[in-house]
A.B. asks: 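Below you'll find the structure I mean.
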Amino acid sequence: MKKDDLDPVRAVILARIHALGETYASISRAIGKNPSYMQQFFGRNYPRSLPEDVRELLAAKIGVSPDALRGTTPSRGGPKAAQADAIVTSAEEADLLRTFRSLPPALQSKAIKILNSLN
């Protein structure tokens, strides 16, 4: 499934799973679900939205606010859709993301290849 095809909540979860080097099965087990739970969440869109107890556990496991997994973020003037950039959890990550985005596309591609080769 392409990241562009995902709703904001699924995009945040997928980005964090990849950033943490986890798998659908490992995350599913970590939140007390069967190993195919997250695969079904992405592949079959089931459940359509996360139950609150699962949302809290998953948010803690992947290091985001539970609000990022509700599809809203608190703000003055009411809730708004969460963005995939809500995955940034520290100032260092934000700096790294800004630096990466400032690179020309060819260098971004090389950096991704280098990082993937480290795994």
Side-chain angles (χ1 to χ4, degrees):
M1 179 173 281
K2 295 179 183 177
K3 187 177 174 183
D4 295 339
D5 297 338
L6 301 175
D7 62 67
V9 171
R10 284 174 171 77
V12 167
I13 295 168
L14 184 62
R16 288 302 296 160
I17 287 173
H18 288 300
L20 294 169
E22 297 282 352
T23 64
Y24 290 155
S26 66
I27 293 293
S28 296
R29 284 190 295 272
I31 62 172
K33 297 294 184 181
N34 71 60
S36 64
Y37 185 85
M38 292 306 298
Q39 185 278 327
Q40 292 175 9
F41 181 69
F42 285 97
R44 295 185 183 168
N45 203 29
Y46 180 81
R48 194 168 299 283
S49 63
L50 294 170
E52 190 61 29
D53 61 326
V54 172
R55 184 178 295 120
E56 296 286 333
L57 290 169
L58 182 58
K61 175 62 182 165
I62 64 174
V64 299
S65 161
D67 285 334
L69 304 186
R70 286 186 181 93
T72 61
T73 53
S75 66
R76 282 180 40 192
K80 62 181 180 180
Q83 300 297 316
D85 283 351
I87 65 169
V88 175
T89 59
S90 69
E92 292 84 12
E93 285 183 356
D95 289 341
L96 183 60
L97 185 58
R98 275 191 295 278
T99 301
F100 177 79
R101 287 182 175 163
S102 71
L103 295 173
L107 288 179
Q108 287 180 358
S109 179
K110 285 184 180 183
I112 291 170
K113 287 178 185 176
I114 291 168
L115 290 172
N116 284 336
S117 71
L118 298 176
N119 291 331

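Only this structure's heavy atoms are used, side chains among them; waters, hydrogens and symmetry mates stay out. Source: prediction; values computed, not measured.
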A.B. asks: CG/Leu58 to OG/Ser28 distance, rounded to the nearest 0.5 angstrom?
C.D. replies: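 It comes to 9.0 Å.
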A.B. asks: Restricting to side chain to side chain donor-acceptor pair (under 3.5 Å), what partner residues turn up for Glu52, sequence neighbours left out?
C.D. replies: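 Listed in chain order: Arg55, Arg70.
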A.B. asks: Test side chain to side chain contact (heavy atoms under 4.5 Å, CB included) on Leu50 and Ile13; report intermediate values, then the result.
C.D. replies: CA-CA 11 Å; Leu50 294 170; Ile13 295 168; 3.9 Å; yes
A.B. asks: For this output row, return yes or no: ring centroids of Tyr24 and Phe42 closer than 6.0 angstrom.
C.D. replies: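 Yes, ring centres under 6.0 Å apart.
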A.B. asks: Return the minimal non-hydrogen interatomic distance between Phe41 and Arg48, and the atom names on each side.
C.D. replies: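 Smallest interatomic distance, heavy atoms only, reads CE1-O, 4.3 Å.
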A.B. asks: Tell me every residue that passes side chain to side chain donor-acceptor pair (under 3.5 Å) with Ser26, counting only those two or more places apart in sequence or in another chain.
C.D. replies: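 Per chain and number, Ser26 pairs via side chain to side chain donor-acceptor pair (under 3.5 Å) with Glu22, Thr23.
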A.B. asks: Before you tell me yes or no, could you show the steps for Asn34 and Arg29 under side-chain hydrogen bond (donor to acceptor under 3.5 Å, both in side chains), namely the whole-Å CA-CA distance, both residues' side-chain angles and the distance that decides it to 0.1 Å?
C.D. replies: CA-CA 6 Å; Asn34 71 60; Arg29 284 190 295 272; over 6 Å; no
A.B. asks: Specify the closest pair of heavy atoms between Val64 and Arg16, including all atoms of both residues, with the distance to one decimal.
C.D. replies: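 Shortest heavy-atom separation between Val64 and Arg16 comes out as CG1-CG, 3.8 Å.
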A.B. asks: For Lys33 and Ile27, what are the C-alpha separation, side-chain angles and deciding distance, and is it a side chain to side chain contact (heavy atoms under 4.5 Å, CB included)?
C.D. replies: CA-CA 9 Å; Lys33 297 294 184 181; Ile27 293 293; over 6 Å; no
A.B. asks: With Pro51, which residues qualify under side-chain contact (heavy atoms from CB on, under 4.5 Å), at least two apart?
C.D. replies: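 Partners of Pro51 under the side-chain contact (heavy atoms from CB on, under 4.5 Å) test: Tyr37, Pro47, Asp53, Val54.
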A.B. asks: If you look at every heavy atom in Pro66 and Glu56, which pair is closest and at what distance?
C.D. replies: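 Looking at all heavy atoms of both residues, the shortest contact is CG-OE1, 3.6 Å.
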